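What follows is one structure encoded as C-alpha cells, with my remarks underneath.
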Amino acid sequence: MSDNFGMKLAVVGAAVLWGTAGTAGLLVAGVDPISLAAARLVIGGLVLAVAVGPAVRSLPRPALLLPAAVAVAAYQLCFFAAVSRTGVAVGTVVAIGSGPVFTGLLSWALDRVPPTRRWAGATAVAIAGCAVLTGGGGEARLDGILLALLGGLLYAFYAVTAARVIGTGASSDAVMGAMFGGAAVVMLPVLLWTGTAWLAEPRGLLTALYLGCATTALAYILYGRGLRTTPVATAATLALAEPAVAALLGVVVLGERLTLISAAGLVLLGASLVVVALPERWSSRPGRAAAIESSA
C-alpha cells in the first residue's frame, strides 16, 4: 500500500512540474506560444529518447506507441488552437478538465474496469474546483470548445495507451522515451516553421531547456513510473494538481492576487486530490479488475 501511495506521489510530482511551465514561459516575452510548446516537446522528447535509448530498443513492439506519439504532438496543437479561439480560461478548463473523464471512460471501455464512485465524485469536484480557480474569462465559442475536448480525448488516448503497455511489464521509462521521442520528431517541423531565432538568446535557450528537461522529460518519467501501480483514471485526476500549482506560483512568484472565489476553487481542487490519493478499501469480484481498483 505504501508503494502504491508513493507511485501516486510520483504522479503528483509530475503535475507539480507541469504547473511550473506557465510561469517559466513568461520569462521569454514575445515568443509564439506554439513555438515555445514545440521547443519544449522537441527538447524533452529527445532528452527522454537519449536517456532511455537502450530500454526503448528492448520494447517488444515499439511501433504500437506511434499513434500515441502522434497524439502527444496533436494535443499541443489542439490545446493552443482552442485557447486562441475561446480564451485561456475556457480552453484550459475544458481541455484539462475533460482529460480525466475521457481517461476513465476509455479505460473502462478497453479494460472493463468501471470507475469507483469515489473517483467519479472526487473527479467532478476537482473539475469544478479547476473551473472556479481558473475563472470565467473568455468567449465560449463552439469551435474552441470542440478543439479543447479533442485535446482532452487525445490526452486520454496517449495516457491509456502508455498505461496499457506498461501494464504488460514493459519499462515505463522505455514507454515514455518511445512515445515522446516520436512526438519530438513530429513537432520538429512545427518548431522550424514557427521560428527558432528566440533560442539564440540565453534566456530563451535556458527557458526551453527547463521546459524540455524538467516539465517534459523528468515529469513524464515520474508520470510513467506512477502508472506502474496507479490506475490511469486515478493518475489523470491527480494530474489536475497542475492548475493549482500554476495558480500558487502566480501568487508567490508573479505577485498575482488570489480572489476569495479562486481560493475556494483551490481548496475544492486540493481536497478532491487528497481523496483520490488516499488508499481505498475496495472489495468486490476477484481478478484483474479488483486488483487494479484496490490500488486507486
Side-chain angles (χ1 to χ4, degrees), residues 15 18-45 66-103 105-106 127 130-131 133-162 179-180 182-199 204 207-208 211-212 215-216 219-220 223 236 239-240 242-243 246-247 250:
W18 295 330
T20 68
T23 301
L26 293 176
L27 295 176
V28 283
V31 177
D32 185 344
I34 295 179
S35 182
L36 194 63
R40 171 187 178 181
L41 200 51
V42 168
I43 294 172
L66 182 58
V70 174
V72 170
Y75 168 78
Q76 297 287 332
L77 299 178
C78 283
F79 178 78
F80 283 104
V83 166
S84 70
R85 285 165 172 78
T86 197
V88 174
V90 175
T92 299
V93 169
V94 174
I96 294 181
S98 66
V101 177
F102 282 129
T103 302
L105 293 175
L106 192 57
I127 294 171
C130 182
L133 175 64
T134 307
E139 178 186 358
R141 286 180 48 177
L142 179 60
D143 57 349
I145 291 175
L146 290 176
L147 282 166
L149 286 172
L150 178 57
L153 181 59
L154 288 166
Y155 166 81
F157 173 74
Y158 75 73
V160 170
T161 300
M179 199 162 65
F180 279 83
V185 174
V186 174
M187 288 296 282
L188 182 58
V190 176
L191 176 60
L192 296 176
W193 177 67
T194 54
T196 59
W198 60 277
L199 290 170
T207 300
L211 291 174
T215 72
T216 302
Y220 275 98
Y223 189 71
L240 290 176
E242 175 186 352

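As a basis for the values below, the full set of heavy atoms in this structure was taken, side chains included, without hydrogen atoms, waters or symmetry mates. The structure presented is a predicted model; accordingly, all values stated were derived computationally and were not measured.
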message: Would you say that L191 contacts S35 through its side chain, given a criterion of any heavy-atom pair below 4.5 Å between the two side chains?
response: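 Yes, close enough: below the 4.5 Å cut-off.
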- request: Please examine the side chains of V190 and I34, heavy atoms only from C-beta on, and report whether any two atoms are closer than 4.5 Å.
  value: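 Of all side-chain heavy-atom pairs linking V190 with I34, at least one is under 4.5 Å.
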Distance check, rounded to the nearest 0.5 Å: [X] atom [atom1] versus [Y] atom [atom2]?
{"X": "R40", "Y": "Q76", "atom1": "CZ", "atom2": "CD", "result": "6.0 Å"}
{"X": "W193", "Y": "L188", "atom1": "CH2", "atom2": "CG", "result": "14.5 Å"}
{"X": "L150", "Y": "F102", "atom1": "CG", "atom2": "CZ", "result": "8.5 Å"}

message: Taking side chain to side chain contact (heavy atoms under 4.5 Å, CB included) as the criterion, tell me which of T194, L41, V28 meets it with L36.
response: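 With L36 as partner, side chain to side chain contact (heavy atoms under 4.5 Å, CB included) holds for just one option, V28.
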Identify the two heavy atoms, one from [X] and one from [Y], that lie closest to each other, and give their separation to 0.1 Å.
{"X": "P100", "Y": "A236", "answer": "CG-O, 3.5 Å"}
{"X": "W198", "Y": "G204", "answer": "CZ3-O, 3.5 Å"}
{"X": "L147", "Y": "A82", "answer": "CB-CB, 3.9 Å"}
{"X": "A68", "Y": "M179", "answer": "CB-SD, 3.5 Å"}
{"X": "G144", "Y": "R85", "answer": "CA-CB, 3.9 Å"}
{"X": "V94", "Y": "A148", "answer": "CG1-CB, 3.5 Å"}

Using only atom types and a distance under 3.5 Å, with no angle test, would you say the side chain of [X] pairs donor to acceptor with the backbone of [Y]?
{"X": "T161", "Y": "F157", "answer": "yes"}
{"X": "T216", "Y": "I43", "answer": "no"}
{"X": "S98", "Y": "A95", "answer": "yes"}

task: Give the C-alpha distance, both sets of side-chain angles, the deciding distance and a yes or no for side chain to side chain contact (heavy atoms under 4.5 Å, CB included) between I127 and I96.
output: CA-CA 8 Å; I127 294 171; I96 294 181; over 6 Å; no
message: Run the ring-ring contact (aromatic ring centres under 6.0 Å, His included) test against Y158 and tell me which residues pass, sequence neighbours left out.
response: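 Y158 satisfies ring-ring contact (aromatic ring centres under 6.0 Å, His included) with Y155 only.
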Partner residues of W18 under the side-chain hydrogen bond (donor to acceptor under 3.5 Å, both in side chains) criterion, sequence neighbours left out: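 Partners of W18 under the side-chain hydrogen bond (donor to acceptor under 3.5 Å, both in side chains) test: none.
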